[in-house]
Structures are given as C-alpha cells and as structure tokens.
Amino acid sequence: MAITDRGDIKPNETYTFKGKLVRHEGKLTLMDADITEEPPETTIAEIKHTYDFDPKREEVAVAGRLVAWRPMGKAIFGHIQDLLGKLQIYIRKDLVGEEKFKFIKEFVDLGDIVGVKGKLFRTNTGELTVEVEDLQLLSKCLHPLPEKWHGIKDVEVRYRQRYLDLIANPQARQIFLMRSRLLAEIRRFMVDSGFFEVETPTLQPIASGANARPFVTHHNYLDMDLYLRIAPELYLKRLIVGGYPKVFEIGKNFRNEGVDTTHNPEFTMMEFYAAYWDYNDLMKFTEKLFQHLIDTVLEGKSEVTFEGHRINLKPPFRVVRYFDLLKEKTGKDKDFFLRAPIEELRKFATELGVKKAETLTRAKLIDKIFEKVGEPELIQPTFVIDFPKILSPLAKEHREDPDLVERFELIIGQMEIGNAYTELNDPKDQYQRFLEQLKEKQAGDDEAMEMDTDFIRALEYGLPPTGGEGIGIDRLAMLLAGVNSIREVILFPAMRPEEKEKGEG
RNA sequence: GAGCCGGUAGCUCAGUCGGUAGAGCAACGGCCUUUUAAGCCGUGGGUCCCGGGUUCGACUCCCGGCCGGCUCACCA
C-alpha cells in the first residue's frame, strides 16, 4: 500500500460542487488502489443471529457503510451498517499495525463503504463487536452524511434522494422492507391459492378497464398512439376466456390525474380473476388474504394506527349495501338517486356541497354524493356492496335487482383499498354498457370508458362466470405501515424536476 | 388549478422590530487503547431558494417566480 507515500494526495481537502461541500476527489483515486478482491462472507444480521446461538470468538469478514466513528488515540470504535443491521467495529493500533492504522486515520471517513476482518467479542457493555485485524476501504463517500440522530427530516430531500433517506432513517428502511415482505407474501398467498401470475400490456391501443384520464405516447415504427394502461382488467378477462382458471397480475397502472397524499401518477395494483367465483367468493377470499397478511407481514398484530384511528384488520369485515348507506346518511332512497329528475338530483348534490353539480351526469352525481356522505364514515374495514349499475360498466347485473350490479369496494381508513365484482360476461350487455359509456363521454365525462370491440369478441367466445378484484398495493402498504402519505411507501414518488436546465430554448 | 404554510452551514434548527448571521452534530488540526449522542482544546465553513422593487443600506419589507408540505378540486 504505497498510496500513503504519495505526496500529491491531500486527503483532508474539501471542495464545493454546485455550492455543496464535497471531499477532495484526490481520495477517489484510493478506490481503485485498495479494493478487496474478496466479497464479504456474510451480512451483519447473519453474524448477530449466529452469534446469539453460538457465541464464540469467531473470525468474520463483513462489509458495510461506516455510520459512526469514535477515534480514541491508539484505538477507534465505529459502527458499520447494511440494510438489515448495524455492527460495532473496534480497531486497535497494535492489532492492525502502525502503517494500516495511519492509513485508516488519514483516509477513512464517515460514510465510506468498508470491509473488515476480525474476531467477534463482546465489550464491557455487552455489545457484539468485531476486533478488526484488517480493514479495506471499498468505496469513498464524498459527501458528509446527514446528522446522526435527527437523520434527514426535509421531506423534499427524503423523496428526491431516497438513498440518503435509507442510509440515515431507520424508519424509512423499515417501511420499504415491510413493502417487500408485503409483495412477497401476497404472491405466496396467490400462488398457494392456485392463481397463475401473468403479465399483460402496459402499452395499450385503448385505455380501458377503469374511469381515468390516460397518459398518451407514440410508437414510431407502428406510427400509432398508445396509452399507458389505466388498468389490466380487459386483458386479464381475455385470459380467463383463453382457459386460465385463476390469474393475477401485480404491476403499475398509470393515471394522468392529480398528485396528493393518496395518489401517485403511477401506482401498483394487484388484479386477480377466478373462473366460477362470484363477488361473495371474492369477499371471503379477500378476508383470507388479510388474515394471511396479519399472520406474516404484521407478525400476528391485527391492529394498525392510521390517520389517528386505531383500525382492526382482523376479518370478518362489516358489510353494508351501497344504497342502505346512502339512505342512512341522506334519507333518500335508491329510486330518488336513479329516477328523480336530474335537476332535482343536482340541486340535492349542490346542497350537500358537491361542486359544479349542474355539469355532472347522473352517474357522477351519485358517485360524488356517496364520496361526500358515505366514505367519511368508513374507517374500519368495510365491504360496501351492490353498487348502482350505471357506475359499473364491467360488472354483472345483480341477480335480484336490475338497477344494481354484484360489486363491492373494500374501504379502510376512508381509502378505497379494493374494488371487485362478479364479471359481466354477456357480450350484448357489455356492448350496451360501452355505448352508455360513450354517451357519458359525450356528456362531458372525459374519464368514461372507451369501446373495446376485441374485448366484446372475446366475450362472444364465452367468458365463464368469473369474479375479479383489484387491490391497491400502495394504499395497503400505507395502512400496514401506518403512514398517511403514499409517497412514504413509494421509493421514488413523482416530483417536479429539481432545477431547470439552463440555456434551454 | 385555488387557498394557507415553509425554503438560513453537509444535517437538525435558532436569529435579525432593516445595519450582510449563530448553536449542536458533521468537517479540519491536536490529545486520548472498552467507546457508543465518547470526551477535552483549537480552527474553518453561508449567493440566508431565485429575480425585481423600496431604501443610504434587504437575509429581514413589497411584488413576481421556483421547489416542497398541508387543505380543497380531480382520481384510486
């Protein structure tokens, strides 16, 4: 290691880049000079775990980011950290040798990635520690780390530089570890329940399957506009036509709408479809899924705190009919909402505080009124069932009431977590519903659905009786993590660019 | 898109009723071989978000803008 002899390196200089303090890049040359050839043999969590079972002065080789550094003359204490744990290291001059010790003091900084080799022991205070025999500088950190006990609080920095959030804030690591676990457990549960995981197009010639404004893009070679999908629904039902008994897809949907604490322009959904199920089967299945998530992700704890409410996720969930809830809150019955003159309904909506009611269609009015009076009550998990048909162009007519469909939404903490129905599998009826959507579109609802004629054709080949459901993964993660912003559970949430490039025309 | 609030050192924050700024941590120079928010002595560090206006003088007041947060509107 001749590097310390080089006179041209001034290890402790700093410079500024765009006004930010950065350590001298002279240190960068060290990265190539002192990289170990051997990857670490183990992780910090593994070391701690095995030591608990079999405590002995074992030789370990492990790497991590230096997050604490306490030099004390001829010895140094520090902590290295990886995603899952933190481990103390103890460097003694007489053990690593004079030259190495000098190198460490001069060139190793807080924030660097280092690899250490040494024996495990416990200090006087009982903390598991590596007595370092050798330390390798694996990568330099040119910026000072955030403050060690407040971490990064500035939410803007936390979202833009998520890597810093993950380094400095243990709560952030916890949330995203939980999200990984959530995805893994959902997949495990679905596969164990006989579902096939599939992937369907995110670039679609027709954006359908939900009511939302799409993002538009263009394919140069085919010279056609394409939409980023707002939902995978119609493709997944085509797969049921094709013979899949049960399918699920976990993936991104894209909706060109506002950004707030419960909406990100791209978000993760799971949709699943099961032949020969109806919405009653879906409710039972959803409850089983939640029980599985309580047993695994939440480690048996069924209560979460969300927006100041204690919410119990343990099934079974409350069930309430859509129009029963509306009647309870407004005193008006189904016939009023579905058959009263539209002017009367608009007047009623305006009284309830619905804005621009005079421009809305009946379907929109009912939807708005429900959001105004119904949803605020729904804190504990609730299946709201039997939606009006005019709000649900892809759902099958209710077996007992032609005004309704066999549909439910699962609402928790005032958030729509799931949406499900017995699927409409009558091609003629589906065609009519699409036509009605086109009418809605002409009446000013730019989120009404598009006609998809190939989907109609698929239904003509025979869609078995089918139940289908979508679950919003981000919102579910918010609930399980107990955080009130969707940005807290999305690693890189949508943000405006930090600074505009200068000199652009 | 509208309203309210915010942007000061790398980080967390204080402050200036208008006279160009401080603390702790981090950094840098010393001392220190069981510390862990290590300790002790010393040092440096700021386009106070950007642009314009008022003023002898603006980080502070006024106007405009950028970015973010919250609430509302739209959506899931």
Side-chain angles (χ1 to χ4, degrees), chain A residues 10-14 16-24 67-79 86 88-96 101 109-111 121-127 129 131 141-161 164 167-169 210-214 230-231 253-269 353-356 360 364 367-368 371 375 409-411 414-419 445-447 470-476 478 484-487 493 495-500:
Chain A
K10 295 172 188 149
N12 298 325
E13 277 184 358
T14 55
T16 55
F17 176 68
K18 293 187 175 178
K20 307 290 182 192
L21 187 71
V22 180
R23 290 173 186 140
H24 197 280
V67 293
W69 195 239
R70 297 181 291 278
M72 309 176 53
K74 296 185 184 63
I76 303 167
F77 280 95
H79 276 94
K86 210 193 239 190
Q88 182 163 255
I89 62 173
Y90 178 45
I91 305 162
R92 290 171 45 166
K93 189 176 182 179
D94 56 7
L95 239 164
V96 297
F101 196 76
D109 292 299
L110 215 43
F121 77 109
R122 282 196 191 277
T123 62
N124 291 342
T125 53
E127 179 163 355
T129 303
E131 193 172 50
C141 175
L142 297 179
H143 294 273
L145 285 187
E147 211 239 12
K148 63 185 161 194
W149 61 87
H150 294 103
I152 290 255
K153 286 196 170 171
D154 185 332
V155 288
E156 190 173 347
V157 177
R158 289 185 45 233
Y159 299 158
R160 286 192 198 282
Q161 294 178 264
L164 270 186
I167 291 168
N169 297 330
N211 298 108
R213 268 185 289 264
I230 55 176
N253 289 348
F254 306 85
R255 298 188 185 176
N256 208 339
E257 313 272 2
V259 176
D260 65 25
T261 47
T262 53
H263 298 87
N264 197 62
E266 56 178 300
F267 63 102
T268 304
M269 280 274 282
V354 175
K355 291 183 181 155
K356 286 189 268 176
L360 300 178
K364 276 274 170 192
D367 201 21
K368 290 284 144 205
E371 275 173 27
E375 277 185 6
E409 283 190 1
L410 173 59
I411 297 179
Q414 302 174 347
M415 287 189 296
E416 184 189 333
I417 298 291
N419 181 21
D445 182 358
D446 53 4
E447 284 157 1
I471 291 180
I473 301 298
D474 310 280
R475 289 177 176 185
L476 184 56
M478 287 169 66
N484 59 13
S485 171
I486 200 167
R487 296 177 204 108
M495 302 277 273
R496 283 202 172 82
E498 206 165 345
E499 51 188 302
K500 284 187 179 145

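Predicted model, so just to flag it, every value in this text is computed and none were measured. The sequence lines fix the lettering, A, B, ..., with proteins before strands; numbering per chain opens at 1.
A donor N or O paired with an acceptor N or O is not found under 3.5 Å between the base of U35(B) and the side-chain atoms of Glu127(A). Residue side chain Glu147(A) reaches the base of G24(B) through a donor-acceptor N/O pair under 3.5 Å, judged by distance alone. Side chain Asp260(A) to base C70(B): no donor-acceptor pair is found below 3.5 Å.
Spacing between atom CG of Asp109(A) and atom P of G29(B) amounts to 10 Å, rounded to whole angstrom units. Rounded to whole Å, atom P of A76(B) lies 11 Å from atom CG of Asn253(A).
Shown here, U47(B) forms no base pair; nothing in the strands shown gives a Watson-Crick or G-U wobble contact with both key distances under 3.5 Å. Judged by Watson-Crick or G-U wobble contacts below 3.5 Å, the nucleotide C32(B) has no partner. With both pairing distances under 3.5 Å, U71(B) is matched to A2(B) as a Watson-Crick or G-U wobble pair.
Distance from the side chain of Lys74(A) is smallest for C32(B) among the nucleotides C11(B), C32(B), C74(B). Residue Ser485(A) has its side chain nearest to C70(B) when only C70(B), G68(B), A26(B) are considered.
Atom C1' of G65(B) sits at a distance of 44 Å from the matching atom of G29(B), rounded to the whole Å. Across the C1' atoms, U8(B) and C50(B) are found 15 Å apart, a figure rounded to whole Å.
Between Tyr90(A) and Phe121(A), the ring planes are tilted. Angles from 30° to 60° get that label.
For Tyr159(A), there are no ring pair (Phe, Tyr, Trp, His ring centres under 6.0 Å) partners at least two apart in sequence or on another chain.
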